[in-house]
Asker: 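Here it is, the structure, as structure tokens.
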Amino acid sequence: MSKYKKLIVSVAVILGVVLITFFGKNVFAQSKPQDNRTQIVFWHEMGGPAEKTLLKLVNNFNKSQNEYQVIPKYQGSYDTAIQKIFQTHGTNTSPAVFQSSNVSTAQVLHSEYTTPIQKFVDQDHYDLSKISPVARAFHAQGGKQQAMPFNTSQPVLYYNASLLEKYGITPPSVSPSYSEITKIAKELYEKSHHKVKGMTVQIYGWLLEEAIANSGGMFANENDGHTGIPTKVNINTPESVEFFKWIRENIKDGDFMDYGSGSMASTNQTSGFLTNKVGMYIQSSASMSQLNKKNKNKLGITYFPHPDGKKANGVSIGGAALWISNDKPEAVQKGAYEFIKYTVRPEVQAEWQNQLYMALNKDSQKTSILQKFYAKHPEGKIPGQQLNNTVPNYGNSGILLEGMQTIRKLEEDAMEKIYRGGDIEHILKGNERTINDLVYSQNRANGLTEK
């Protein structure tokens with residue numbers, strides 16, 4: 001190195017020392033801008049492909065403004081996460097906004113750990129009418145919106161359109177009756193020379209609850225918990241009996257495939273559908289994404305079936321909602337609300353439906369995202385039509401009852417016995433008694449007063 005280069009290096013070093021001495025380290029730190037935005041910790045339960053879509057949503061929100069920064073944190077399953085939320089409330093580790101499944105809605109409401117989003121909706125003069133009324137109804141109480149539906153689904157009936165076409169069978173109508181589905185199931189079973197079972201309905205408590213709702217009945221008193229604390233479940237009803245008589249008719253005729261209960265039952269029925277072993281089944285609209293990716297056949301979708309001679313009352317939503325914790329400062333809660341409001345923007349909801357769930361904002365249907373999706377998958381319009389055509393009432397707005405996870409297991413015990421040939425009304429009567437003993441014990445343990 002020449003003496004001139006050495007001189008230049010020495011001067012540069014000396015100059016750096018002088019700058020630090022007179023102006024401090026911030027002179028150089030300014031090259032990395034500080035993020036002074038209010039941090040909003042967001043607990044969620046999304047894994048797999050859904051998590052990728054969720055993280056993209058969060059990242060886009062953070063880029064869309066400079067006041068708040070949402071920090072997403074995965075918390076495991078719905079059941080695991082809700083326990084963490086209750087255990088950490090009031091501490092520094094609790095979230096500002098959290099995702100909670102529909103079966104935990106009553107538990108969250110009764111905890112009084114949340115601020116109704118209605119507070120911020122009123123301050124903001126935000127128009128909720130664009131958001132699906134039946135989806136909002138599950139998370140509203142006392143005329144106030146408590147939480148915002150987020151990842152939403154509904155049960156629909158899937159059918160193998162290619163198989164029906166192959167055997168010259170007319171596909172089901174938009175809102176089919178029990179007898180219409182039975183007729184198709186029998187035709188498919190006979191015309192395939194018993195190679196294809198016509199239909200299946202998984203032993204799943206959610207589907208029984210939806211059958212009751214779509215028949216115009218209610219699962220629990222106090223209008224399914226929307227006007228008070230439920231003290232009694234009504235499962236031995238004409239709606240339930242009619243549903244099980246429909247199932248049993250198809251079992252008796254041999255066109256029904258019984259996959260049992262549990263997660264493997266769900267996996268096996270999907271596999272059976274994709275491999276032409278069964279022609280129709282009822283499951284969440286969120287399954288459409290999986291079926292579109294792996295299905296070599298043409299996919300058909302229609303509404304959840306209803307009893308003959310009755311107009312469909314509509315089914316309630318599945319999925320989860322976003323809640324605001326009330327143990328955080330007002331500014332943080334406001335940020336949580338701004339994030340929640342962002343999640344129901346038309347284009348954001350359209351991307352949800354493009355990937356997995358249902359678009360809840362009516363304006364989403366106008367977006368190029370969904371127009372392209374429908375061009376490729378026209379059957380994808382059906383779940384949204386079922387949702388939008390449902391007029392909310394107490395029967396189709398979800399069940400606000402604590403302990404639904406356990407209650408569903410009891411429902412499934414009854415379903416399994418009935419599927420295996422047990423007396424329908426006798427089993428339902430005993431099951432109703434067992435569930436109501438549980439409801440009574442839960443209400444006492446949780447300090448919920450009876451009306």
Asker: Under a 3.5 Å cutoff, is there a donor and acceptor pairing between the side chains of Glu412 and Ser261?
Answerer: no
Asker: Please collect all side-chain hydrogen bond (donor to acceptor under 3.5 Å, both in side chains) contacts where either partner lies in residues 42-53, sequence neighbours excluded, each pair once.
Answerer: none
Asker: Please confirm whether Phe120 and Tyr126 have ring centers closer than 6.0 angstrom.
Answerer: no
Asker: Verify the ring-centre separation between Tyr189 and His194: is it less than 6.0 angstrom?
Answerer: yes
Asker: Could you check Tyr259, Phe273, Tyr204 and say which one makes a ring-ring contact (aromatic ring centres under 6.0 Å, His included) with Tyr281?
Answerer: Phe273
Asker: Could you tell me which residues satisfy side-chain contact (heavy atoms from CB on, under 4.5 Å) with Asn388, sequence neighbours excluded, listed by chain and number?
Answerer: none
Asker: Would you say the side-chain atoms of Asn313 and His306 include a donor-acceptor pair closer than 3.5 Å?
Answerer: no
Asker: So, using side-chain contact (heavy atoms from CB on, under 4.5 Å) as the criterion, who are the partners of Asn234 when residues are at least two apart?
Answerer: Lys232, Thr237, Glu432
Asker: Go through the structure and list residues passing salt bridge (Lys or Arg N to Asp or Glu O under 4.0 Å) with Asp79, not counting sequence neighbours.
Answerer: none
Asker: Do Gln87 and Gln83 get their side chains close enough for a donor-acceptor pair, meaning under 3.5 Å?
Answerer: no
Asker: Under the side-chain contact (heavy atoms from CB on, under 4.5 Å) rule, what do Thr343 and Phe339 come out as? Steps first, then yes or no, please.
Answerer: CA-CA 6 Å; Thr343 68; Phe339 171 63; 3.9 Å; yes
Asker: Thr267 side chain to Ser263 main-chain N or O, any donor-acceptor pair under 3.5 Å?
Answerer: yes
Asker: Could you tell me if Glu180 and Ser173 have a donor-acceptor pair between their side chains, going purely by distance under 3.5 Å?
Answerer: yes
Asker: Could you pull out all residues at least two apart from Tyr68 that satisfy ring pair (Phe, Tyr, Trp, His ring centres under 6.0 Å)?
Answerer: none
Asker: Taking the six-membered ring for Trp, are Tyr178 and Trp246 parallel (under 30°), tilted (30 to 60°) or perpendicular (over 60°)?
Answerer: parallel
Asker: Taking the inter-plane angle between the rings of Trp323 and Phe98 on a 0 to 90° scale, is it parallel (under 30°), tilted (30 to 60°) or perpendicular (over 60°)?
Answerer: parallel
Asker: Only counting residues at least two apart or in another chain, list the ones meeting side chain to side chain donor-acceptor pair (under 3.5 Å) with Arg345.
Answerer: none
Asker: Checking His110 side chain against Leu448 main chain: does a donor-acceptor pair fall under 3.5 Å?
Answerer: no
